[in-house]
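The first residue of the sequence shown is numbered 1, and numbering continues consecutively from there. Please read all numbers here as calculations on a predicted model, not as lab measurements.
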Amino acid sequence: MPCSTRRCFITSVSIIFLWLFVILKVPWEIEDQQNVMVIKGQVASYSSSKDQRALEDWQDLTFKYMKKIQQRRKKFLTVGLSSVSRPEGSNLFYTLDSLFRASSKAEQKHFIVLIHLADSDLTWLRETVARISSLFSPEILAGQLLLIHAPSDAYPPVGGIRNDTYPGEFYSKQNVDHAFLMSYATNLSDYFLLIDDNVFCSPNFVSHIRWKVTNMNSNPWVLLEFSNMGFLGKLFHSRDLPLIAHFLLLFYKEKPLNRLIPHFRALLVQQNPILCRPFLFYRRVSHPMFDDNQKTSTVKKKDSYGPDNPPGTVFTDMKVFDVHFPWEAYTVDESFFWTYNVSIGNHLTVILSHPVNLRRVQVMTGSMVEGEYPLEKGEVELGYTPERMPQDCTSFTLLGRLLEGQLDQEIFPKNIGYNVSCVRLVVKASQVGGLMIRHISLWEEKAKEKQGVTS
C-alpha cells in the first residue's frame with residue numbers, strides 16, 4: 001500500500017477513532033456467490049501478539065471492508081444491538097427472528113440489522129456466528145444482516161468507578177460496546193434504531209417508524225422513543241452517531257446507557273422525550289439488564305406471589321401470524337399474542353395437561369402502558385372434563401367478564417375452581433383492528449395452602 005494512502009487511512013481513523021478497532025468476526029471462510037466480502041479475523045493471535053505486520057494486514061482488510069460498505073446504497077434504517085453471553089442463555093436468535101418475521105419483504109429492503117458480538121469468549125463467538133450463519137444465511141447474503149466484533153484490546157479500563165452502589169464494570173463495558181456499535185453504523189442508513197438482544201417486535205414496525213419520521217419533518221428532533229423500557233427502541237439520526245459514540249466513550253464510567261442517552265438528547269437541545277405510541281418493542285424475559293432501580297447485576301428470584309401457570313396447550317381460532325404466537329399469551333414473561341379483526345365467538349383456550357384446583361385467574365389484554373389494542377367485550381370461562389377429539393372441554397362455566405380489557409378475579413365459590421381442565425377467553429363482540437392478548441395467568445389453590453403452612 002503506498003505511504004500516502006496509508007497516511008490518509010490513519011488520519012481518517014483518528015477522526016472517527018472507533019472504526020480502528022472494529023472487525024468482522026468470521027472464524028472460517030464462507031464462500032459467497034453474491035459479492036459478500038469475508039474478513040478472516042484471527043482474534044487469538046491479535047490478542048496475544050503485537051506483530052506490526054499482522055496489525056497492518058488487519059487495518060488493510062478493515063479499511064477495504066468499510067469502503068465496500070460505504071459504497072452501498074444507504075438504507076432507511078439500521079437496527080443495532082449488542083449481545084454478550086449469559087449464564088441463563090441468550091434470546092438473540094429469537095430477537096432476530098422477530099425482527100425479520102415482523103417485517104414484510106418490501107420492508108426488509110429498507111433496513112439492515114447490525115449486531116455487535118461484544119464478548120471475548122471465543123467459544124461463544126464461534127458458536128454464535130455458526131448458529132446465525134445457519135439460521136439467517138439468506139439475510140446475510142442479501143446484506144440485511146451484519147456481524148461485528150471489537151477485540152478486548154480495544155476497550156479502555158473499566159476500573160475506578162465512582163459509584164459503588166451500581167455494577168459499574170457491567171455498565172461501563174455496555175457503554176463502550178454501544179459506542180463501537182454506533183460508530184460502525186454511521187454510514188449505513190439515514191436513521192439508527194437501538195434495541196437489545198431480548199425483544200419482541202410489533203408487526204410492520206418499519207412502516208410505523210417511517211410514518212412517524214415523515215410526520216416529524218416539520219419538528220426538529222434528536223431522539224424518538226418507540227419503547228419506554230430503558231434504552232430499548234430509541235431512534236437517532238445516523239448523522240449524530242459519531243457524536244453519541246464519542247459521548248459514551250467520554251462518560252462510560254459515569255452512568256448506565258439508559259441514563260446517558262437522555263443527557264445526550266438534552267445536550268443537542270431536545271429537552272423533553274418524544275414518546276411514540278403505540279410502543280413497538282417489548283422485552284421477552286427478564287435477565288440482568290441494568291436500570292435505575294437495579295442495584296445488582298444478579299438475576300432476580302421468581303416472585304413467590306407470581307402465577308403458577310401449570311403445563312398446558314393453547315388453542316385459538318383467531319388469525320395467527322408468523323410472530324407473536326398464541327402460546328405466548330400463556331407465558332410468564334413479557335411476550336404476548338397479537339391478532340386482528342376478531343369476530344364474536346372467537347376464542348383462545350388453555351387446555352391444561354392435568355386438572356388443577358385454581359384460586360385466581362388473571363387475563364390482561366391491550367398494551368401495558370397506553371392500554372391500546374384491548375379486547376373490548378369478552379369473558380373468561382372455566383372448563384371441565386376434557387375430551388381429546390377435538391381437544392376441548394365438554395362443559396364450561398362463566399367466571400367473569402372483562403372490564404376495560406382486563407379480568408383479575410379470585411374464584412368464588414371455590415368449588416367452581418376445582419378440577420379445572422380449560423380456561424377460555426371468548427370474544428363477545430366483533431371488533432376491527434389489532435388485538436393484543438398480553439397474558440393469561442393462573443394461580444393454583446395448593447400454592448396458597450403452602451404459603452399458609454410456612455407463614
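- Of all heavy-atom pairs spanning Asn198 and Asp196, the tightest one is N-OD1, 2.9 Å.
- In summary, the side chains of Glu444 and Asn357 do not present any donor paired with an acceptor at a separation below 3.5 Å, with no hydrogens or angles considered.
- A donor-acceptor pair under 3.5 Å is absent between the side-chain atoms of Asp317 and the main chain of Asn346, judged by distance alone.
- Without hydrogens or angle criteria, Thr214 side chain to Arg210 main chain gives a donor-acceptor distance under 3.5 Å.
- Between Leu442 and Asp308 there is no side-chain heavy-atom pair separated by less than 4.5 Å.
- Using modelled atom types, one finds a donor on one side chain and an acceptor on the other under 3.5 Å when comparing Thr78 with Ser189.
- Side-chain atoms of Met182 and Leu248, non-hydrogen and from C-beta on, do get closer than 4.5 Å to each other.
- Under the 4.5 Å side-chain criterion, counting only non-hydrogen atoms from C-beta, Val222 is in contact with Phe264.
- Classified by interplanar angle (parallel below 30°, tilted 30° to 60°, perpendicular above 60°), the ring pair Tyr155/Phe180 is perpendicular.
- Summarising the geometry, atom CG belonging to Leu358 is positioned 12.0 Å from atom CD belonging to Gln409; distances are rounded to the nearest 0.5 Å.
- In terms of modelled atom types and a separation under 3.5 Å, the side chain of Ser421 and the main chain of Leu352 share no donor-acceptor contact.
- Using cut-offs of 30° and 60° for the angle between ring planes, the Trp338 and Tyr373 rings count as perpendicular.
- To the nearest 0.5 angstrom, Phe236 atom CZ is 8.0 Å from Lys234 atom NZ.
- A donor-acceptor pair is defined here as one N or O able to donate and one able to accept, closer than 3.5 Å; no such pair exists between the side chain of Glu372 and the backbone of Leu435.
- Put simply, the side chain of Arg359 does not reach to within 4.5 Å of the side chain of Ile411, judged on heavy atoms.
- Salt bridge present: Asp408 and Arg360 bring a charged side-chain N and a carboxylate O closer than 4.0 Å.
- For the side-chain contact (heavy atoms from CB on, under 4.5 Å) with Pro326, the lone residue among Thr339, Val320, Thr349 that qualifies is Val320.
- Two residues are said to be in side-chain contact when any heavy atoms from C-beta on lie closer than 4.5 Å; Ile112 and Leu145 fail this criterion.
- Between the Asn175 side chain and the Leu257 main chain, a donor and an acceptor come within less than 3.5 Å of each other.
- Ion pairing between a basic and an acidic side chain is recognised when a charged N comes within 4.0 Å of a carboxylate O; Arg265 and Asp240 show no such pairing.
- By the 4.5 Å heavy-atom criterion applied to side chains, Lys428 and Val426 are counted as neighbours.
- Within 6.0 Å of atom NZ in Lys377, 12 or fewer heavy atoms from other residues, nucleotides or ligands are found, so the atom counts as exposed in its surroundings.
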Next on the checklist: With ring pair (Phe, Tyr, Trp, His ring centres under 6.0 Å) as the criterion, how do Phe226 and Phe281 come out once you've worked through the C-alpha distance, each side chain's angles and the decisive distance to 0.1 Å?
Outcome noted: CA-CA 7 Å; Phe226 292 90; Phe281 305 96; 7.1 Å; no
Next on the checklist: Could you go through Val363 and Val361, starting from their C-alpha distance and side-chain angles, then the distance that decides it, and tell me whether this counts as side chain to side chain contact (heavy atoms under 4.5 Å, CB included)?
Outcome noted: CA-CA 7 Å; Val363 176; Val361 174; 4.3 Å; yes
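- Rounding to the nearest 0.5 angstrom, the gap separating the CZ atom in Phe247 from the CG atom in Leu268 is 9.5 Å.
- Other residues, nucleotides and ligands place no more than 12 heavy atoms under 6.0 Å from the NZ atom of Lys109.
- Phe111 has its side chain out of reach of Phe76: every pair of non-hydrogen atoms, C-beta onward, lies at least 4.5 Å apart.
- Between the side chain of Arg438 and the backbone N or O of Phe336, no donor-acceptor pair lies under 3.5 Å.
- Checking Ser133 against Ser137 by side-chain atom types alone, no donor-acceptor pair falls below 3.5 Å.
- Glu107 contributes a side-chain N or O that, together with a main-chain N or O of Ser207, makes up a donor-acceptor pair within less than 3.5 Å.
- Between the side chains of Gln362 and His439, at least one donor N or O lies within less than 3.5 Å of an accepting N or O.
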Which pairs would a plain distance check flag for residues 396-406, meaning a side-chain donor or acceptor within less than 3.5 Å of a matching protein atom at least two apart in sequence or in another chain?
none

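- The aromatic ring centroids of Phe231 and His178 lie less than 6.0 Å from each other.
- A cation-pi geometry, defined here as NZ or CZ lying under 6.0 Å from the six-membered ring centre and within 45° of its normal, holds between Lys319 and Tyr340.
- In this structure the side chain of Val113 never reaches within 4.5 angstrom of the side chain of Gln144, judged on heavy atoms.
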Item to check | Phe192 vs His237, ring pair (Phe, Tyr, Trp, His ring centres under 6.0 Å): CA-CA, chis, key distance, verdict | outcome: CA-CA 6 Å; Phe192 176 84; His237 294 276; over 10 Å; no
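- Atom CD of residue Glu376 and atom OG of residue Ser430 lie 10.5 Å apart, to the nearest 0.5 angstrom.
- Although no hydrogens or angles enter the test, the distance criterion places no donor-acceptor pair under 3.5 Å between the side chain of Ser83 and the main chain of Leu117.
- Exactly one residue among Asp119, Asp121, Thr123 makes a side-chain hydrogen bond (donor to acceptor under 3.5 Å, both in side chains) with Ser85. That residue is Asp119.
- Between the side chain of Asp197 and the backbone N or O of Phe93, no donor-acceptor pair lies under 3.5 Å.
- Here the side chain of Gln270 pairs a donor or acceptor atom with the backbone of Asn272 at under 3.5 angstrom.
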